[in-house]
Every structure is written in structure tokens, then in C-alpha cells.
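The sequence lines fix the lettering, A, B, ..., with proteins before strands; numbering per chain opens at 1.
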Amino acid sequence: MRSKTSYFNSTLFKKNLTRFWPLWGGASALGVLVPLALLVELLDEGFRSQAGNGLEITLGYYAALSYIVPIISLVYAALCALAVWHYLYNTRSVGLFHSLPITRKGLFVTNFLSGMAMMLIPYAVTGGVTILITLAAGLFEPVGVLVAILGVIGESFFYFTSATLVIFITGNAFAFVAFYFIFHFLAVGAEWLVGELVSEFYFGVNQTYEGIVSFLCPTYYLESNLSVWPVYQQITTPDGWIEHGALESATLQNGWLIAVYALVGAVLLAAAWALYRRRRSESAGDVVAVGWMKPIFRYGVALCAALAGGVLLYNLFVAVFSGSETAWTIPMIVCMALAGIVGYYIASMLLAKSLRIFRGSGKGALATVIAAAAICMLIAADPFGVETWVPGAEGIEQAGISIYGNAYSNMGGYLDVDVSDGAAIQKLLDLHRTILSEKEQLNNRDSDAWRLGNSAQVHLSYWVNGKRTDRSYPLLIPAGGQAPLESLNKAEILATDPAIQEANIFEQILWDDIMDSRIIHGYLGDVYNRETHEINGVDLTPEEAQALEAAVRRDIQAGHFGKTLFVPEGEERDGLVYYGTIQLDYNVTRKPNPNRFYSGEDVRTINFEISTYCTETLAALKDLGILRHPFQLLTREEYHALRDAEKSGASFPDSYDSYYGGGFFPAETVPAASASVSPESAAVYPEEAF
Amino acid sequence: MIQITNTVKRFDSFVALDGVTLSVPAGSVYGLVGPNGAGKSTLIRCLTGIYRQDEGELSIDGEPVWENEALKARTAAIADDWYYFPQATIRDMCRFYRGVYPGFSMERYEKLKDVFEIDERRPLRRLSKGMQKQAAFWLALSALPDYLILDEPVDGLDPVMRRQVWSLVLGDVSQRGTTVLVSSHNLRELEDVCDHVGILDHGKVLLERSLAQLQDNMVKLQVVFKDGGGVPEDLTVLHASHVGRIHTLIMRMNAEEATNRLAVYEPMLVDAVPLTLEEIFIYELGGADYAVKDIVL
């Protein structure tokens, strides 16, 4: 008859804590620096002399729970788990522990509680000292403390149970560290790898991590979804100015996620116990300690190697010959099969702890090759129509378009807007369908159009049912008299569309939370004075800026903005776009936002470049007297010629006179070009420069 | 009593124990011998609850060993290469054992301090292998176990300490009725202490006997025949050799029966001499068995 068994051994518990005191003691010492820093800050502010707000401390607790505790717990749980369970990794130590008069259940419970104690002691010390300081300073806020305690316990429990589970899966410390982080980031990594392969095959589908399974990556998910939600009451002066914001409440957003992960932790703990009670002591030193997991490990490594290594090999050695944006299926299969076989044998060597694993491994290697080929062919066949997918207009909540390729700067030289009105969305969809219909030409980089012409890149985004989907395509800009493709024509129509350009240029003052905007200042950059040969910016009064803004809007309506987007880089484009840019500053009134210290008045700046097509804007500058003689704007071509002349000491080329003649200044007012410019400053040019 | 029945233990495809059946009577000292890789340590690890057998049964006093906390509290084991906590001293390990083994006696511990003369405050990792082995005996014997399971226990001990340790162990056997299972690859070492012996090879028990059974069943005689004659052809012997006129005969029977058989030939001298354990095993197993050679050489 068996005697009564106990599930907790106090001697072992105490032994664990005393053996590993440097671990939790060191962590506690580091943790206590935080409240000590708070103490120093409070002392600097006069401690109790200033009326403090305990909610500020609560805000700190919640910020720690959201952004710091998950990362610290992720790493620290691994150390604590190694401390209490490492005996399983050594044949001698496992012999001692498993021959002691303590059952496996007793060892499991005692060691688990020891590990949890090690996890929580540093947090308890840090929190305890913080509570003492806040009590002394009159900043103690019980709700925040309670939520923080529960949150820390929940997160610590989840991370330690996950580490415990991984300990029982593995047979040595190196394998544990690798598997532990794989366990926590496998989902994200796998999604990324599949996305990478998909992007290789589908025209326009770029590698974009969508986070479909990010909930399986707890640290990432908690960091992304836990947040602090403060509510401030704005204290204003009698004349209406905001004096400061008083914190009214602090809430932990999505705090329930911690409870969910803690419940998951309970499931992991049950799984860990199931593994431990069946664990074979002789697995000490193995990479994978659980027999039925060995094939999963072997083929999992092979699959990951096939995905990652296959794409890498293809891009290193094959893609250069493909002549298209999408991958060749057969070479990709070969690359994936090669990488998969390497992964298969590496995994086999790790499992066998031997290099002699080739005999009898043919079937496994063949299975790996077949699996790699099947995956590759399945994706290449596009059974879900990913490549040809175009959303229905009715389901689109918002769409975005960005066109890059010939932009000089980020000041309006490219198109990057989000639209939600039906007409604009329809134009985007029309462009998308046209691009797909021209896939053959756009995807053939060996064609004359690709070799002789230029290319731009269009990026389309759709928000459907709250989920964002992106596509990215090339646009061919023809050269040498070639006819443009229809996709380029439609992109040009979009680029000059008044609604789209308005959103593009004035995006900064069109945000949803802006109630009102008032122009307060303007600035025209890089105006050349032909008499002093200086280049200076010109400040604009609010009235001048407002007149200029009206002219810009007229140019937008006339379709003058966006016309240079697809002009190939080089002389032609440089002759059209001005070097100087326009800046408009606005005072905006934002909707009250209780989650910000200060809200209400704010300053926004928009900055954009103009071209010779912007006749209304240029006329307004002339009418305002800003571009009166001797001041003029230089095209990029003129500006570079001036700089080249400065560097080489050569004279300003006469041929540039034609630009002045064709612009706003009579040809006779242009100074003769001669001599060099000052080496000291690009902004001051000596008289003899022209 | 330790009873092991049809026990099988596999490590992947390797069968370490292949249907082992043996029994260790209560209060006996049972020597488990066999060459390296025979399965001795695996059997001991199964018996101490470290490994779980794949098939068969292991019981002590009729109770299964696996996960039997009460039984393990009455059992102490010393492995060939025992584990101590890093940084631990003998005193630290004593405190740990005292908390884990309910029968641990501080009085015995203090008494054994005089026997083992090791500084109990020195970290165990700084002690020699022999001193670490002494520490293992010190702690195990202080736990006052009813069952003592020893795997290559005296490896690394000097001859004086070996005698000392065996004296302590046999003292416990006689005074407290402790049952001892001791494994070794060397028969000579066990000859003076065991009353039961089992030979293990390739995971199987080749032979299991009490020492008395073995000695009753075989005899070694020194004989001088009349007129300098040789061994008669009709005399059945396991082995015969001679130096000059003195013949040494090994016969499978007891000494009295052998003497009567030889009387027919009217020998000039018949003298029965004791067989060593080594000789018994050599002749019992046919003398040429490779396993036996391994354990006696």
C-alpha cells in the first residue's frame, strides 16, 4: 500500500530560492532603481510640497504593463525556467532529482512554484518600494496598484508557463533558448516566409506582413494592443489659453488580453505537466525530448529552410536571369527542394546528435522535395486568385494611391493620398484593372519598353472590412516615340485629378480631427536675384500666402499639378520643375482630444514643388510682386547649371536665356553670363557670375 | 525484498534490458555483475525511479517502485558519478537530504564525520573523486535506508577506505537488516561482501545464485594418483590441470561426493580447496563465455 504523497516539498523550494538568489536578487536590484529614480524626481520637485496626482503613477504602471513587462518577462521567464528545470538537461542531475523521495508531481509543483516566485519577487520588490514611496508622497492610487499587480502576475504566469512547456519539449539549454524564441515568434516568422514566397509568384503582390496570426506571438501582440488611455481635463486661463492638462483618469486599454493570455498559460501549464509526467529522464541532452515531436521538428525545419532558403537561393542565382517581376516555377522548385533537403539533414543531425544520418534517409529527403514542389506549384497556380484580385467598389471603406519614381523630393513631387469618395475609388479600381490587363507588357523587363524607357511605381491600398490590402505595380514611361500603355494614361489622369491633387497637397490640413484652419504665413524658397546674384527665400504675409493658396487651388482645378509626375528624369523634367518650393503655414484648430495634454490650436505646414505648368501660381507670384524684376525662380536645370558654373568657374551658358525669355522676365533683363560664382556660399553670387 | 520481473527497457531501437528477472532477498547483499554495457546501470536507474521500464515490473516489498514516494524515502542510491549542487558543501547537501529523507539521522551523520574525515564546509566540487564518493556514502548512510542501491560504489576509493566503507555497509546489513544491491564489473571486488550474485550481459540475466548454492555445487580438488598416473578417463571433471604429480580437478558436485568418487582410484592424496568466485563463474558458465572473461580479467 502506498503512503500518502505530498505535492509540495518545502526543502526543495527553499533550496531553489537559495541556490538562485543572484538571479532574482539581481533582477530585484535592477528593478528597484525605477522607484528610486521616482524618489529622486519627487525630492527634486519638493516631495509633498507639490500637489501631485496619483494617476500619473498609475499611468506609469500601465505603461510598464503595456510596453516593458512583456519584454522583460519574455527574457526573464527563460532564465527562471532554466534555473529550476535545468536538472532535466543533465544525466547526473536528473538522476539525483528523480531518485529523491519526491514524486514527479511533487517536483513539478515545487519547481514551478519556485520559478514563479523567482519571476514575481523582483516585481514585488519594485512594486513594494514604489508603493512605499507613493504612500509617503501622497500619490498612492489603489486601483492602479491592483491592476498592475494582477497584470504582472498574469503576464509573468503566461511567460513562465510557456518557458516551462518549452523546457519539457527540449533536452538541452541551447535547444531550449532556440525553441523558446521560436515558440514565441514562429507564427510571425511563418507568415512572413509564406508572404515572401507568395510575393515572388504574384504580379503586384509585395511582401507585406499583415499580422493575421500575430495573436500567436504574444509579446508582439501585447506590445501592439495594450496601451495606456489617459483622459485630461484642459485647464485654461481666463483669456482662453490652455494652461495645462490635468489628468482625470488613466485606463489600461485591452487589459483583458492579459487575462486571456493568463488563461492560455493555464492550458500551457496543463500541457507541460502532461509532458513532464511522461518525460524520459534519458532524454537529457537531446535536442527534442518528446518522441512524437521529433518528426515535426525534422520536417518543420525542412519546410522553413525550403521557404526561406529557396527564396534566397532563387534571388541570388536565378532571379537575375528571369527578366520579370514574378518567379519561374521550376527553378523555384529546385531552389526550395535544395534548401529543404539541407534543412532536413541539419534537423536529422541535430536529432541524432551525429553526422552519420544519411543511410536510410532517402525517403525523408524525397518527402521534403515532394512537399517543396507541391507548395511551390500550389502557390504558383494561385488557387485563390490573389494576383487577379480587385476589390468591389462597394466594399471599399478607403483606398490609397502612391506613385513614386520621378520625385525629386518629398515635397509634393510624388503622389500619396488616401481617398474615400466613390468617384476617386472608381478611378483607382479602373487603373488597377488596366494594370492587370497589361501584365504581360509590364512584367516583361526584357522588352524594348523596359529597356529604352523609364519606370515609375504605383502602390495601391484598399481597406475592406477593416483589413488593409496592398498592391504595387510598375508603370512604364515610354521613350523614343513609343506609345504609352493605357495604364500610364490612366495613372496620369489620376495624378492630375483635382480631388486627388487637393488631397495630396493639402493633406496636412485635411485631417479628420481638424475643425478649422487659417493660413498664417507663407514662404517661397530659392528666389534668384539677377542683380545681386543672390538666392534667398521670401517670406509671405498671411494675405500674400492666402492669395497664393487660392492660385494653387486654381492650378489644381485646372489639372496643372501632377503633370510632371511621369516626365522622365533628366533634362526635360529639370526644365519643367522649379528648384524653389512653396511652403504654407496654417494655424489649425483640432477637435478636443481628452487623451492629449494639449489639444486645440496647432500649426501645420505644407510644402510642395511647382512646375512651369502651374501658370496660376506663377502669375499670382508675379501679381503679388514677389517675382518682380530682378527676382526670378530657377528651374532645376538652371539651378544646376548655376552650381556647375560656380564649381568649374565657367560662365553661365547663354542658351539658358531662352528660359527667361519664355518666362516672366523679358529676355533683355537677364544679365549676361560670365565669370564664376562665389566659392563661399551657394546663396551669394558675384556680379561677374553672369 | 527487491523483485524484478521480465523488465524491458529500450532506448529508441537499442534494448538495454531484455526481459530481466531477478530477486534480491531482504537483508542480503546482492552483487550484480556484468561487463560494460550489460545493462547494470540501466537496471539500477529503473530501480531507483530515474528510468521507467517499458515492460515488466519492479517492486520492493511488493510495492511498485515507480513514483512511490514512501518507498523511495526508504531507499538510498549512490551512482557511479553522483551529482551535487554546484557550490554545495557536504553540510549543504546534508541539510537538503535531511529535508527530503524523513529517516535522515543527524546523529549518524555526526558519527560518520569521524570515519570520513572530510571538511564538511569545503565545496564538493573542489574534492577529489574519491572524497566525493566518500561524501556520497556519508550522506546515503545517514539517511538510514532500508535499501541501499550502489552502482560501482567503491571506484575511486583507496583500499583502506574501501574496507572502511564495506565495513559500514555490512554493519548496516547485520544491525538494521539493510538490503544492498551493488553493481560492479569486477567479480573480485564483490567476492568478500556478496551473499547473492547475478550476472547480466546484453540486457539479460545469465545466471543468478546464492554464494552457498554455487559453492555447494562445485568443488576444487588437488589429487595425487598412484604410480604417478593421470586423470582416469572415466572420471567426469569440468576442468583438469596438473603441476608435476599434483592434479587440480574441478568437479560439479560437493566435496564429499567428489572424495567418494575418487576413492575408487585409491589416490595417494585428495585435498579439497576453496574456489574463488571468479573460478566458480568461469567453470559454471563453461569457462569460455566472453562475458565472464570480461568481468574477471
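Contacts between B:D151 and chain A at a heavy-atom distance below 4.5 Å are absent for every atom of the residue. Within the 4.5 angstrom heavy-atom criterion, only side-chain atoms of A:R280, from C-beta onward, approach chain B. Heavy-atom distances place no part of A:Y87 under 4.5 Å from chain B, backbone and side chain included.
Using a cutoff of 4.0 Å between basic side-chain nitrogens and carboxylate oxygens, B:K133 and B:D80 are scored as salt-bridged.
Ranked by non-hydrogen atom pairs under 4.5 Å with chain A, the options B:Y97, B:F11, B:Y83 are led by B:Y83. Ranked by heavy-atom pairs shorter than 4.5 Å toward chain A, the options B:A76, B:A77, B:G99 are led by B:G99. Comparing A:K105, A:H98, A:R92 by heavy-atom pairs within less than 4.5 Å of chain B, the highest count is held by A:R92.
Between B:F96 and B:F85, the ring-plane angle classifies as perpendicular under the 30° and 60° cut-offs. Ring orientation note: the planes of A:F158 and A:H184 are nearly perpendicular, at an angle over 60° on the 30°/60° scale.
Of the options A:F108, A:F112, A:F168, a ring pair (Phe, Tyr, Trp, His ring centres under 6.0 Å) to A:W273 is made by A:F108 and by none of the others.
At most 12 heavy atoms of other shown residues, nucleotides or ligands fall within 6.0 angstrom of atom NZ in B:K111.
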